[in-house]
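Everything numeric here is computed off the predicted structure, so don't read it as measured data. If you read the sequence from its start, that first residue is 1, and numbering goes on from there. Whatever order the structure lists ligands and atoms in, that order sets their numbers, starting from 1.
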Amino acid sequence: MANNPPSAPPPAMSFEAAATSIVAILLAIWGYTQWLRPFLRDNPNRLPLPPGPQPRFIVGNLQDLPSGGREWDSYAALAQKFKSDVIYLRVLGTSILSINSFFAANELLNQRGAVWSDRPRLPMIKELMGWDWNLVLQSYNEGFSSHRRIVQQHFQPGVVTVQYRPVMKLEVNVLLQNLLVAPTRFSDHLKRMAGAIIMMVTYGHRVCTDNDPFIQLAEEVRRHSEETPGAALVDTMPILKYLPSWIAPFKRIALFRRGLSVKMREAPFLMVREQLAAGNAMRSMVSSLLEDESRTNDGSDEELIKNCGGVVYSAGADTTATALTNFVLAMSLYPDVQRRAHAELDTVVGRGRLLDFDDRGKLPYLGAILKETLRWKAVTPLGVPHCTTEADEYRGFYIPAKTTVLPNISAMLHDQEVYADPEEFNPDRFIPEGTKPAAPDPARAAFGFGRRICPGRHFADDSIWIAISNILQVFSIQGPDGGIRKSNVQWSSGLVSTPSAFACDIQPRFEGAEHLMGDD
Ligand code: HEM
């Protein structure tokens, strides 16, 4: 038998290959510990996690995370599939809990507010885009309570009624005139009205033209915020934020948007400070805070005031304008609802004057339209994410500390058990009849929960009511010939979900209606 030649020794592993293997092993260990963490830490009784799709090794539920539009429906579908209103997902070490019923939201976010009211880290929007100053996204350790106290004080019901209602009436009158002159541009007019009210009460700035720089800035911010906070990969893998910009395009986008965040906070604030120095500032939230601050004279609160002005400006205008646009769409799709509203207005107020806040109690059907507007299409369908500060137990399930909590407001407002035929715009559901009680007020979910509940809700309620009631009093809204097909309108992702453009016809509904709209 011939001898086989001795085999060549295996080639020595190159340095690169060895390094790659070590990194891969370290990553696998990291992934494994991240994957196991919720079971190991703070879970002495080894409670199970809430129902949800089976996680995969290392990446967890990355592929199950809803994306690509209407994420609220995908979360609701997961809730149906797993027959549970709370759904647990784990993505690269981050725990996510989707809450899909008001019942669970009430038990967790309202009743256990001390633990369930923080905000998640959100590296994309807060650290890279620079929105960490914004109360809406602020954690407890980022100055939440001082910011919240100021905004709450300036938007409590007494202040809204006395100081802000006159501004709302004035700007609604401008809205009516704009709708009369250029009805097809209704969407711009609604944005302008919502922005103008906010600019006046926050900074004492009167919006006089469509080209107002602050309204345009707000619109630019809106155009660049069509992603749901927490949806970026860097939010679940914060380490990615250290990648250089040339291989991480999201960092270049974030840098551009950072500029908008700075402008939104700085520009109107500097305007008020200059006006105060010149002695011609109008009374507003920011001017009175600055005057108070100059009396105490320590200069330390300027940043706080700047932040509070910026948050009201960024949180208040877009939300209100979106609710009003949904209302216009509903009116053009449901002519019978509109006819009944017109009849109620003609009977109670007549056609001789514009209605006022005092008329509200006498107009139950209009009140029901407002509620149905907030229910039919949630303005913030996935709310703003909450975060748990410590581990908790719910219905025998273990909820890890630092879980990102997504309240599925849309699912709560479309719960078949609570609101029959939820896709239909039906204000009657809010009018009690015989022994049938009214459906629950959607405000219990639409404005969020617990310690983070929207501080602008009284203001939003008043401004939306006065706008829709005045529009209905003088105008009739119709879809274009052939009507609008509901399926043609799409709602965006993002914190605020706006409908895509649609056409409709808005005309005065009786002779002389235009004379009710006075010069402002
Ligand atoms: C239709 C109108 C509006 C809707 C549907 C709405 C909805 C919401 C929701 C769902 C939240 C999150 C609550 C939570 O985390 O549980 C929120 C927070 C907030 N809203 Fe509104 N909002 C509206 C109008 C306004 C207005 C007019 C203002 C102006 C004052 C405002 C200021 C804020 C602020 C500052 C926060 C953050 C509160 C915090 O994190 O502590 N909102 N809003």
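- Nearest protein neighbour of atom 41 (O) of ligand 1, counting heavy atoms only, is R148 NH1, 2.7 Å.
- Counting only N and O atoms by type, the side chains of N307 and E303 include no donor and acceptor under 3.5 Å apart.
- Relative to atom 24 (C) of ligand 1, the option among T319, L324, V311 with the closest non-hydrogen atom is T319.
- At least one side-chain heavy atom of L65 sits less than 4.5 Å from a side-chain heavy atom of Y75.
- For the pair R119 and F144, the cation-pi test (distance below 6.0 Å, angle within 45°) is failed.
- Where the criterion is an N or O separation shorter than 3.5 Å, residue side chain and backbone included, F144 fails it with respect to ligand 1.
- The F459 neighbourhood of ligand 1 comprises atoms 27 (C), with distances under 4.0 Å to a heavy atom of that residue.
- For a threshold of 3.5 Å applied to N or O pairs, the pair formed by T320 and ligand 1 contains no separation below that value.
- One option in S145, C454, P455 has a heavy atom closer to atom 22 (N) of ligand 1 than any other, and that option is C454.
- Between R451 and ligand 1, no N or O atom pair is found at a separation short of 3.5 Å.
- The shortest N or O to N or O distance between T380 and ligand 1 is not below 3.5 Å.
- At least one test fails for K306 against the ring of W133: distance under 6.0 Å to the centre or angle within 45° of the axis.
- Annotation: cation-pi geometry satisfied between R165 and F357 (NZ/CZ under 6.0 angstrom from ring centroid, within 45° of ring axis).
- Residue H386 has at least one nitrogen or oxygen atom sitting less than 3.5 Å from a nitrogen or oxygen atom of ligand 1, judged on distance alone.
- In this structure, of G450, G456, P385, the residue bringing a heavy atom nearest to atom 30 (C) of ligand 1 is G456.
- With no hydrogens or angles considered, no side-chain donor-acceptor pair links Q275 and Y203 at under 3.5 Å.
- The residue among G113, G448, S139, A446 with a heavy atom at the shortest distance from atom 7 (C) of ligand 1 is A446.
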